[in-house]
Amino acid sequence: MTTHAPQAAASVTLPASLDEAVAALAATPAAVPVAGGTDLMASVNAGQLRPTALVGLGRVREIRGWQYLDGHALLGAGLTHARMGRPDFAALIPALAAAARAAGPPQIRNAGTLGGNIATAAPSGDTLPVLAALEATLVVASPGGGRREVSVSHLLAGMDMLRGGELIGWVRVPLLHAPQVFLKATGRTGPGRATASVALVVDPARREVRCAIGAIAPMPLRPLEAERWAASLIDWDGERGLPQEALTAFGTYVATACVPDPEVPADGGEPPKLAPAVLHLRRTVAALARRALGRALS
């Protein structure tokens with residue numbers, strides 16, 4: 001598994017079903033589930049994690065595909081980024097496919113999984129702002145064959161955590177006949193770790209604009225007031241386009257909400273100025289939000 005770890009895991013279990021995997025985790029609370037292992041092995045190689053037991057999910061076929069259910073797509077947690085990036089999946093959920101294609105080099109996309117991206121909850125996880133903007137939910141498998149649903153946003157915010165022995169089985173995503181966009185900025189050319197990202201959905205059925213900003217905070221940020229403001233400007237029964245001035249104002253609104261000004265000192269003095277790096281981040285978020293809304297409405 002790695003050439004850097006000084007000791008291997010003491011035991012490896014390879015269940016054939018999701019319920020078997022949950023039972024293995026419940027029987028060995030210290031066990032770590034592993035699918036693609038892209039984040040896990042980075043932590044092992046960095047000396048941050050030394051698992052004493054692993055539960056491999058590679059043989060659990062039921063979480064490696066997707067199906068349609070009541071106007072939703074039920075996506076298996078074992079779907080790889082490479083599979084989500086294919087044209088047939090892009091026709092289903094374009095923004096999620098775009099995020100999957102941007103997740104890194106081919107070796108990462110071939111191994112990394114949707115469920116792993118969610119469970120790791122790294123701020124730079126490319127699929128996370130898309131799932132937040134789509135208001136996706138998780139179907140979590142519990143010991144004893146139980147199933148429960150958890151909002152992706154609630155899990156990432158720590159409002160509803162996975163319990164002992166539980167595993168993410170599927171991700172329930174609404175199938176929207178609506179424009180949706182994912183954009184990211186990186187610190188280098190080509191696929192890389194996001195310094196900021198945006199997922200944006202223009203939903204004509206609910207007459208809503210939903211926007212989530214990723215990579216700049218521990219969880220995706222939803223600028224709700226900016227969303228409502230943009231939705232109020234759109235002619236939902238007409239062409240839906242907005243002038244460039246409105247797009248620019250939306251980007252500024254989103255950036256100011258997600259990268260706020262420093263607090264005014266208690267003595268009423270001058271608030272500190274934004275550091276150059278923070279100012280650059282705000283400008284990056286503004287540009288991403290502006291472009292995303294423009295593309296969704298074009």
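Index from 1, following the sequence. Just the heavy atoms: all of them, side chains too, but no hydrogens, waters or symmetry mates, feed the values below.
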Mind running side-chain contact (heavy atoms from CB on, under 4.5 Å) on Leu176 and Arg206 for me, showing each step along the way? CA-CA 10 Å; Leu176 304 176; Arg206 293 165 57 179; over 6 Å; no
With hydrophobic residues grouped by side-chain heavy-atom distances under 4.5 Å, do Val173 and Leu175 end up in a single group? yes
May I ask whether Val202 and Val130 are part of the same hydrophobic cluster, defined by side-chain heavy atoms of I, L, V, M, F, W, Y residues being less than 4.5 angstrom apart, directly or through others? no
Taking the side chain as everything from C-beta on, heavy atoms only, tell me whether Val181 gets closer than 4.5 Å to Val198. no
Which value, rounded to the nearest 0.5 Å, describes the distance between Thr195 atom OG1 and His280 atom NE2? 6.5 Å
Please check if the number of heavy atoms outside Glu225 that lie under 6.0 Å from its CD is greater than 12. no
For Asp160 and Arg148, run salt bridge (charged side-chain N to carboxylate O under 4.0 Å, His left out): C-alpha distance rounded to whole Å, both residues' side-chain angles, the deciding distance at 0.1 Å, then the answer. CA-CA 11 Å; Asp160 195 344; Arg148 68 184 184 97; 3.2 Å; yes
Between Arg207 and Asp237 (salt bridge meaning N to carboxylate O under 4.0 Å), is one present in this structure? yes
dist Leu57:CG -> Thr13:OG1 (nearest 0.5 Å) comes out at 10.5 Å
Do side-chain atoms of Thr120 reach the backbone of Ala122 as a donor and acceptor pair under 3.5 angstrom? no
Has the side chain of Arg240 got a donor or acceptor atom that lies under 3.5 Å from a matching backbone atom of Asp235? no
Is there a side-chain contact between Cys258 and Ile216 (heavy atoms, below 4.5 Å)? yes
Please examine the side chains of Arg101 and Arg86, heavy atoms only from C-beta on, and report whether any two atoms are closer than 4.5 Å. no
I'd like to know if the side chain of Glu227 reaches the main chain of Cys211, judged simply by a donor and an acceptor atom lying under 3.5 Å from each other, with no hydrogens or angles considered. yes
Can you tell me how far apart CD1 (Ile118) and CG (Leu162) are? Round to the nearest 0.5 Å. 10.0 Å
With a 3.5 Å cut-off and sequence neighbours excluded, list the donor-acceptor pairs that the side chains of residues 110-117 form with protein atoms.
{"unit_1": "Asn110", "atom_1": "ND2", "unit_2": "Pro106", "atom_2": "O", "d": "3.1"}
{"unit_1": "Thr113", "atom_1": "OG1", "unit_2": "Gly116", "atom_2": "N", "d": "3.1"}
{"unit_1": "Asn117", "atom_1": "OD1", "unit_2": "Thr127", "atom_2": "N", "d": "3.3"}
{"unit_1": "Asn117", "atom_1": "OD1", "unit_2": "Thr127", "atom_2": "OG1", "d": "2.7"}

Please walk me through it: do Glu135 and Arg172 pass salt bridge (charged side-chain N to carboxylate O under 4.0 Å, His left out)? CA-CA 9 Å; Glu135 297 184 340; Arg172 187 191 299 272; over 6 Å; no
If every non-hydrogen atom of Ala132 is compared with every non-hydrogen atom of Pro220, which pair is closest and at what distance? CB-CB, 4.0 Å
Is there a side-chain contact between Val32 and Val55 in this structure, where contact means two heavy atoms from C-beta onward sitting under 4.5 Å apart? no
Stepwise, does the side-chain contact (heavy atoms from CB on, under 4.5 Å) test hold for Val201 with Phe182? CA-CA 9 Å; Val201 177; Phe182 172 80; over 6 Å; no
Single-linkage hydrophobic cluster Leu134~Leu75, side-chain heavy atoms < 4.5 angstrom: yes
With a 4.5 Å limit on heavy-atom distance, are the side chains of Glu149 and Leu138 in contact? no
Got a donor-acceptor contact below 3.5 angstrom from the Glu62 side chain to the Leu18 backbone? yes
Run the side-chain hydrogen bond (donor to acceptor under 3.5 Å, both in side chains) check on Arg193 and Ser124 step by step: do they pass? CA-CA 6 Å; Arg193 189 174 298 275; Ser124 58; 2.9 Å; yes
What do the steps show when you test His81 against Ile108 for side-chain contact (heavy atoms from CB on, under 4.5 Å), and what is the final call? CA-CA 8 Å; His81 291 87; Ile108 295 295; 5.8 Å; no
Ion pair Arg147/Glu166, N-O distance below 4.0 Å: no
Does His154 reach the main-chain N or O of Val152 with its side chain, forming a donor-acceptor pair under 3.5 Å? no
Side-chain heavy atoms nearer than 4.5 Å, only ILVMFWY residues, links allowed to pass through others: does that put Tyr253 and Leu279 together? yes
Going from CZ on Arg59 to CD on Glu20, what distance comes out if it is rounded to the nearest 0.5 angstrom? 10.5 Å
For Leu96, the option from Leu79, Val171, Leu131 that meets side chain to side chain contact (heavy atoms under 4.5 Å, CB included): Leu131
Contact check, side chains of Thr52 and Arg50, non-hydrogen atoms, under 4.5 Å: no
Quick check on the hydrophobic clustering: are Val285 and Leu200 connected, directly or via other members, by side-chain heavy-atom contacts under 4.5 Å? yes
Side-chain ion pair, Arg210 and Asp203, N-O less than 4.0 Å: yes
Could you tell me whether a side-chain N or O of Arg64 sits under 3.5 Å from a main-chain N or O of Gly76, the two making a donor and an acceptor? no
Please confirm whether the backbone N or O of Trp229 pairs with a side-chain atom of Ser232, one donor and one acceptor, at under 3.5 Å? yes
Is the shortest distance from a Lys or Arg side-chain nitrogen in Arg109 or Asp126 to a carboxylate oxygen in the other one below 4.0 Å? no
Checking Arg83 against Trp66 for the side-chain contact (heavy atoms from CB on, under 4.5 Å) test, could you report, in this order, the C-alpha distance in whole Å, the side-chain angles of both residues, the deciding distance, and whether it holds? CA-CA 11 Å; Arg83 184 66 189 89; Trp66 73 79; 3.4 Å; yes
Distance in Å, Leu224 CG paired with Glu208 CD, rounded so as to fall on 0.5 Å steps: 10.0 Å
Determine whether a donor-acceptor pair (N or O, by modelled atom type, separation under 3.5 Å) exists between the side chain of Trp170 and the backbone of Val140. no
